[in-house]
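Keep in mind that what you see is a predicted model, and the values were worked out from it rather than measured. First the proteins, then the strands, lettered A, B, ... as listed; each starts at 1.
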Number of protein chains: 2
Amino acid sequence: MPTASRPSLRTAAASARSASLADVAALAGVSTGTVSRALSRPGMISEATRTRVMEAADRLGYVVNGAARALAMRRTKTIGAVVPRFGSSSFPAMIQALESTLAEEGYTLLLSAPEGRRAQQPDILRAMLERGVDAVALLGTDQPPAVLAMLAANRTPFVQMWAPPGSGSDAVGFDEHAAGAQVVAHLAALGHRRIGFVGGHSRDSERARLRFEGVAWALARYDMALDERAFIETEYGFAEGFAAMQTILARRVPVTAMVFGTDYLAAGALAALDQGGVAVPRALSVASFNDNDFAAYLHPPLTTVRLPIREIGEAAGRLLLARLGGQPFELPVLKVELIVRASTGPA
Amino acid sequence: MPTASRPSLRTAAASARSASLADVAALAGVSTGTVSRALSRPGMISEATRTRVMEAADRLGYVVNGAARALAMRRTKTIGAVVPRFGSSSFPAMIQALESTLAEEGYTLLLSAPEGRRAQQPDILRAMLERGVDAVALLGTDQPPAVLAMLAANRTPFVQMWAPPGSGSDAVGFDEHAAGAQVVAHLAALGHRRIGFVGGHSRDSERARLRFEGVAWALARYDMALDERAFIETEYGFAEGFAAMQTILARRVPVTAMVFGTDYLAAGALAALDQGGVAVPRALSVASFNDNDFAAYLHPPLTTVRLPIREIGEAAGRLLLARLGGQPFELPVLKVELIVRASTGPA
DNA sequence: TTGTATGCGTTATCAG
DNA sequence: CTGATAACGCATACAA
C-alpha cells in the first residue's frame with residue numbers, strides 16, 4: 001500500500017521541473033492541502049502559516065499548474081472566441097472590449113482567427129473545447145450545425161456576437177436592418193431617388209446581408225430605386241472600394257447618392273471620386289457605416305451610421321460571465337446613431 | 001488495495017459529464033490505453049480495433065480533456081500573446097498572422113490585450129503561465145524585469161514582436177531607425193530643409209521612440225531642422241492627427257513638409273490641412289508610416305513607408321514553433337519599403 | 001486550523 | 001498489438 005508520502009525524488013534535484021504545491025509545502029513545513037488553501041482561500045488559514053506559505057511560494061517562484069487545477073476543478077477560467085477574417089475588419093475593437101471585460105473577472109481569452117477555408121471548419125471549435133474553455137463567443141448566427149451540436153454535447157455556454165438579438169439563443173448585436181433603413185431614409189428626405197450600394201458579400205456575411213436588407217426595405221418604403229449597375233458586392237477594403245467606385249463611374253450610372261457597407265469601402269470610393277473629379281456631396285452624396293468614424297476625418301462631408309462595435313464585445317463578455325455565474329443577464333439595447341455632417345439633395 | 005477496476009459509477013448515469021476515455025473504452029470493449037493510442041498514434045494499433053474505437057468515440061461525441069492531457073504530457077499546444085492597446089492600432093494584422101501560422105501546427109493562441117494601467121502588470125503573464133502556455137509572444141523589448149524573470153524561472157520560450165532584432169534575445173521586427181531615416185532622406189532629396197513631426201509618445205512606445213530617433217538622425221545627417229513648434233507627440237488616431245495639425249497650422253510654423261508616425265495620424269492631419277485650405281503636396285509635403293496603405297486611397301499624393309507588420313506575426317510564429325521543436329531558426333530580414341506617389345520640393 | 005487521501009482524465013511504461 | 005497501472009499536480013471531503 002503506497003500510504004507513506006514518498007519524498008518525491010525531485011525534492012532533491014533542485015529545479016528539474018518548476019515548483020509544485022508539494023515543493024512549497026515542504027519548504028513551508030506544512031501539507032499540500034494547507035498550501036492549496038492558503039493560496040486560494042486565505043480566510044480558512046491562520047495568519048501565521050499563511051504568511052509562511054506565501055513566502056515559500058514566491059521564494060520558489062511558484063505558479064499554479066492550471067492543467068492540474070482544471071482537472072480537479074473542472075473549470076479553466078478561459079473563454080474561447082472564434083472570429084473569422086479578424087485581421088482586416090472592425091472586429092479587433094470588439095475583441096479588445098471582450099477581453100477587457102473578461103479580464104476583470106480573471107478570465108483569459110483563447111482566440112481563433114481563421115482565414116479562408118479554415119473559417120468554416122468545426123475543428124476550430126473542437127480545439128477550443130479540448131482546451132477546456134468554460135464558454136465560447138462566436139461571430140454571428142451563421143454557424144455550421146456541427147458547431148452547435150458540439151457545444152450542446154459539451155454543455156458549453158456560448159454567445160453569438162454581432163448577431164441579430166432575439167433569435168432565441170444568446171446573441172448580442174444591434175439592429176442591422178434598422179441601420180440600413182436609417183441611411184436610406186435620410187437620403188430619401190433629401191430628395192434622392194436613385195442610389196447605388198457597395199457592400200460586403202451577403203453570401204458570406206450575415207451582417208452584410210441584414211444591412212442590405214434594411215437598405216432594400218427602405219428603398220421600397222420610400223419609393224426609391226437601387227440602380228443595378230451601381231450595386232456591387234465585394235470584399236471589405238480600401239482597394240475594393242476604390243475599384244468598385246471606378247467601375248461604377250465608368251458605367252456612368254445616373255445615381256445621385258452612394259451607400260457603402262463600411263467606411264473602408266467608402267474611403268476607397270472617395271479617393272476614386274476625387275480622382276474622377278466628382279464633387280462630394282455636391283454632385284454625389286456618400287454615406288456609410290462605421291465604428292471608428294475615421295472616414296469623417298478623411299472626408300468630412302460624409303454621412304455615417306456609427307455602429308456600437310466595442311459595446312458588442314463588452315456585452316458579450318458580461319453575458320458569458322453572468323451565465324457562468326448563474327446570474328441573470330439582461331441584454332442591453334445597442335443603439336446605432338446617424339451622424340450627418342453635410343449632405344445635399346440630388347444635384 | 002484498490003486494484004480492481006471500479007466500474008465507475010457514472011458509466012451508468014448516461015451523460016452526467018461529457019464522455020471520457022474510459023467511456024469510449026467501455027463502449028469499444030478495450031482498455032483506456034488502447035483508446036488513447038488509437039486516437040493519437042493510429043499507426044500502433046490494429047486496423048480493426050482502431051475503427052471500433054473511432055466509432056465509439058464519435059458516437060459518444062468524445063472530446064479529449066486537454067487539462068488531463070496537459071498534465072500528463074507537460075504541454076498544452078497553446079501559445080500566449082500579450083499585446084497592449086491592441087484594439088486601436090495595427091496590431092490586429094500582426095496577431096492574425098501569428099495565429100494563422102501557429103494554427104498550421106495545431107497551436108492555439110491565448111490572447112491578452114491589456115488597456116491602460118493593466119498593461120504593465122506582470123499578473124498578465126502569470127495568468128498565461130498558469131494556463132500552461134508552451135511559449136509566449138510579447139510586444140517589444142520594453143518588458144518589466146519581473147516579466148523576464150518569470151519567463152526564465154518557468155523556462156518558457158518567448159519572442160519579442162515588433163522589436164529591434166539583434167538585441168540578444170529572440171526578437172523579430174524591422175529597422176525602425178532606417179525607416180525613419182528613409183523618409184527624411186527622401187524629403188532632403190526634394191530640397192526640404194525645415195520639417196515637422198507628429199508621432200506617438202516615445203515614452204510609452206519603444207517603436208515610436210526608435211522611429212523618431214531615425215528621423216532625428218537623418219535630420220542631422222542631411223543638415224535639416226525639426227521645427228520644435230511643429231513637433232507633437234500624441235496618441236495614435238485620426239482625431240489626434242487632426243488636432244495636432246490644427247495646432248501646428250495655428251502656430252503658422254514655416255515648415256515645408258510634415259512627417260507622421262502612422263497613417264492614422266496622417267489621415268487626420270490631411271483632413272485638417274484640407275479644411276485649412278493647404279494644398280498637399282504643393283504647399284506642404286506629407287509623409288507617414290503604415291502597413292495597410294490606406295492613406296494612399298484617401299489622399300494619393302502622399303509618401304509612405306510601408307511597414308511589414310503581418311510579416312512580424314508570421315515570423316514570430318515560425319520562430320516559436322522552431323524553438324519548441326528544437327529546430328534551428330533563422331530570422332528573416334523584414335524590409336520596409338518607401339512608396340512615393342507624388343511629392344514636390346518646398347513651395 | 002491542519003493533515004490525509006482520493007479523484008480528476010490522459011499518457012507512458014512495462015509486461016504479456 | 002494490447003492491457004494494467006503508475007505518474008501528472010491540484011482541490012477537496014473527511015478526519016483529527
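- Using a 4.0 Å cut-off, no side-chain N or O of T34(B) falls inside it from OP1 or OP2 of dT2(D).
- Atom CZ in R75(B) sits about 21 Å away from atom P in dG9(C), given to the nearest Å.
- Rounding to the nearest 0.5 Å places CG of L109(B) at 6.0 Å from CD1 of I95(B).
- Listed pair S31(B) / dG3(D) meets the phosphate criterion, a side-chain N or O lying under 4.0 Å from OP1 or OP2.
- As rounded to whole Å, 14 Å separates atom P of dG9(C) from atom CG of L60(B).
- Between S36(B) and dT11(C) there is a side-chain N or O to OP1 or OP2 distance below 4.0 Å.
- The side chain of S46(A) has dT2(C) as its nearest neighbour among dG9(C), dA4(D), dT2(C).
- Within 4.0 Å (heavy atoms only), R50(A) reaches no atom of the nucleic acid at all.
- The side chain of S40(B) sits closest to dT11(C) out of dT10(C), dT2(C), dT11(C).
- Below 30°, between 30° and 60°, or above 60°: for F86(A) and F86(B) the angle between ring planes is below 30°, a parallel geometry.
- The residue among M44(B) and L71(B) whose nearest nucleotide of DNA chain D lies closer to the 5′ end is M44(B).
- In terms of phosphate contacts, R74(A) brings a side-chain nitrogen or oxygen within less than 4.0 Å of OP1 or OP2 of dG9(C).
- Across all strands shown, L21(B) has heavy atoms under 4.0 Å from base atoms, whether or not it also approaches the sugar-phosphate.
- At the heavy-atom level, T49(A) lies under 4.0 Å from the strands shown only through sugar-phosphate atoms.
- Side-chain N/O atoms of R37(A) and base N/O atoms of dG3(C) include a donor-acceptor pair closer than 3.5 Å.
- Going from atom CG of L129(B) over to atom CG of L151(B) covers 6.5 Å, rounded to the nearest 0.5 Å.
- Tested against V35(A) for a side chain to side chain contact (heavy atoms under 4.5 Å, CB included), the candidates I45(A), V30(A), D23(A), L27(A) yield a single pass: V30(A).
- At a threshold of 4.0 angstrom between heavy atoms, the contacts of V30(B) are confined to the sugar-phosphate backbone, with no base atom among them.
- The side chain of R41(A) has dT12(D) as its nearest neighbour among dT12(D), dG9(C), dT2(C).
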